[in-house]
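Remarks on the structure that follows.
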Amino acid sequence: MIEVIGMATLLGYLQGSIAKMKDPRKPSPNKQYSIFDVVLSAFGVFFMQCESFLEYQRQLNSRKGRDNTQTLFGVNKIPTDNQIRNILDKIKTSALFEVFVSVYRLLKSKGLLKPYEVLGGQLLIPLDGTEYFSSQCLHCEQCSHWTHKNGTVTYFHTAILPVIVSPNSDQVISLDPEFITPQDGQEKQDCEVSAAKRWIKRHTDLFSQGAVTLLGDDLYSRQPMCELAIEQGFHYIFVCSPESHGTLYEWWDYLQANREVQSFGVVRSEQERCNAILAIKVISVPVLIRSIFQFDNASF
């Protein structure tokens, strides 16, 4: 029987991180809202997935004297939207990263990650950049930007949002993100690959050596990225497109012509759906190309 982790346990991790946050406001006896009320009210919006959630809670409180934010999250007094923004904008997002780590460790200790393991105990973690804000008017110092041919500028925010996935489940387990923002001392704009490298370095000690396989598109299949993944104890499966990996595909054609490529096919039926799985093992490739096109022989 699978053990159920209660809401109180998960909320406790969030409350523990909030307790460690430094209140960005100046000390004052006239503060109306605690840092707990601010963060938990903001969390309630996303938890309920309702844009008007806070206003609805205020109306509910005025009619019945109690609201869901009090019973679910322990909020004493609900701030306005602007008050939440003004306070949260000054708090570093990394203050909440500990919540993701705590949940991951809890799931691991309870054996709840076992159903996600594939390829002999591997966890699959895709890396991909996601844009969550874009505007040609509003922008801040942390924005990235595109300058278009007509001279207009689009400002945007993106982040790497890693999750643990499994081909056997339609549910994912979220891990802490890495934001793509201008870095101190860097003249160039931050980019997705640089952010992914920072995320990998931050999580070397979280995962067991060799227990995670990173997944990524063609953007990641470059030698420095692959070498970093190996150096930090990760496996990887990165897409290599013919347009960006001409030399690799020349070797691929050569090896195929000389019968130095082995393929293994498996077909399995799941109800009315039939899945064909093809695994390919390259026997002999140059060292630099092998660092990009690498497979673990134990997987076959």
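What you see is a predicted model, and the numbers here were worked out from it, not measured in a lab. Count residues from 1 along the sequence.
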What heavy-atom pair brings P126 and V165 nearest, and what distance separates the two atoms? CD-CG2, 3.8 Å
Contact between I164 and Y104 at the side-chain level, heavy atoms closer than 4.5 Å - yes or no? yes
Main-chain N/O of L175 paired with H203 side-chain donor or acceptor, under 3.5 Å: no
Can you give me the closest heavy-atom contact between K108 and S208, atom names plus distance? NZ-OG, 3.3 Å
Between L161 and V101, is there a shared hydrophobic cluster once you connect ILVMFWY residues whose side-chain heavy atoms come closer than 4.5 Å? no
For Y254, look at atom OH and say whether over 12 heavy atoms of other residues, nucleotides or ligands are found less than 6.0 Å away. no
E98 side chain to Y13 side chain, donor-acceptor N/O pair below 3.5 angstrom: no
Can you name the one residue among T93, I160, I200 that meets side-chain contact (heavy atoms from CB on, under 4.5 Å) with E178? I160
Using modelled atom types and a 3.5 Å cut-off, is there a donor and acceptor pairing between side-chain atoms of W199 and backbone atoms of D176? yes
Do F179 and R198 come within less than 4.5 Å of each other through their side chains, counting heavy atoms only? no
A side-chain contact here means heavy atoms from C-beta on lying under 4.5 Å apart; do I173 and L112 qualify? no
Scan F36, F46, F47 and name whichever one has a ring pair (Phe, Tyr, Trp, His ring centres under 6.0 Å) with F73. F47
Between F100 and L106, is there a shared hydrophobic cluster once you connect ILVMFWY residues whose side-chain heavy atoms come closer than 4.5 Å? no
Are L138 and F156 linked, directly or through intermediate hydrophobic residues, by side-chain heavy-atom contacts shorter than 4.5 Å (ILVMFWY only)? no
Are the side chain of S17 and the backbone N or O of L96 linked by a donor-acceptor pair below 3.5 Å? no
Would you give the length of the straight line joining atom CG of L123 to atom NZ of K114, rounded to the nearest 0.5 angstrom? 9.5 Å
Apply the test side chain to side chain contact (heavy atoms under 4.5 Å, CB included) to residues I237 and Q122: give CA-CA distance (whole Å), side-chain angles for both, the deciding distance (0.1 Å), then the verdict. CA-CA 12 Å; I237 300 176; Q122 291 284 301; over 6 Å; no
Between NZ of K92 and NZ of K22, what distance do you get to the nearest 0.5 Å? 10.0 Å
Can you check whether C240's main-chain N or O pairs, donor with acceptor, with Y249's side chain at less than 3.5 Å? yes
How far apart are the closest heavy atoms of S144 and I180, and which atoms are they? OG-O, 3.8 Å
Is any side-chain heavy atom of V103 closer than 4.5 Å to one of I5? no
Answer with yes or no whether the side chains of T152 and N150 bring together a donor and an acceptor at under 3.5 Å. yes
More than 12 heavy atoms of other residues, nucleotides or ligands under 6.0 Å from CG of D205: is that the case? no
With the side chain counted from C-beta on, respond yes when T154 and H148 share a heavy-atom pair under 4.5 Å apart, and no when they do not. yes
State, with a plain yes or no, whether a side-chain heavy atom of P115 is found less than 4.5 Å away from one of N168. no
Flag side-chain contact, heavy atom, 4.5 Å: V38 against I91: no
Tell me if the NZ atom of K201 is crowded by more than 12 foreign heavy atoms within 6.0 Å. no
Quick check: does any side chain N or O of D37 sit under 3.5 Å from a backbone N or O of N76, one acting as donor and the other as acceptor? yes
Do Y220 and L215 make a side-chain contact, defined as non-hydrogen atoms from C-beta onward lying under 4.5 Å apart? no
Cluster question for you: counting only ILVMFWY and a side-chain heavy-atom cut-off of under 4.5 Å, with indirect links fine, are V153 and F133 together? no
Considering non-hydrogen atoms only, spot the tightest contact between F97 and P177 and give its length. CZ-O, 3.4 Å
Closest non-hydrogen contact found for Q209 with G233 is OE1-CA, 3.3 Å
So, are D218 and R222 salt-bridged, with charged N and O less than 4.0 Å apart? yes
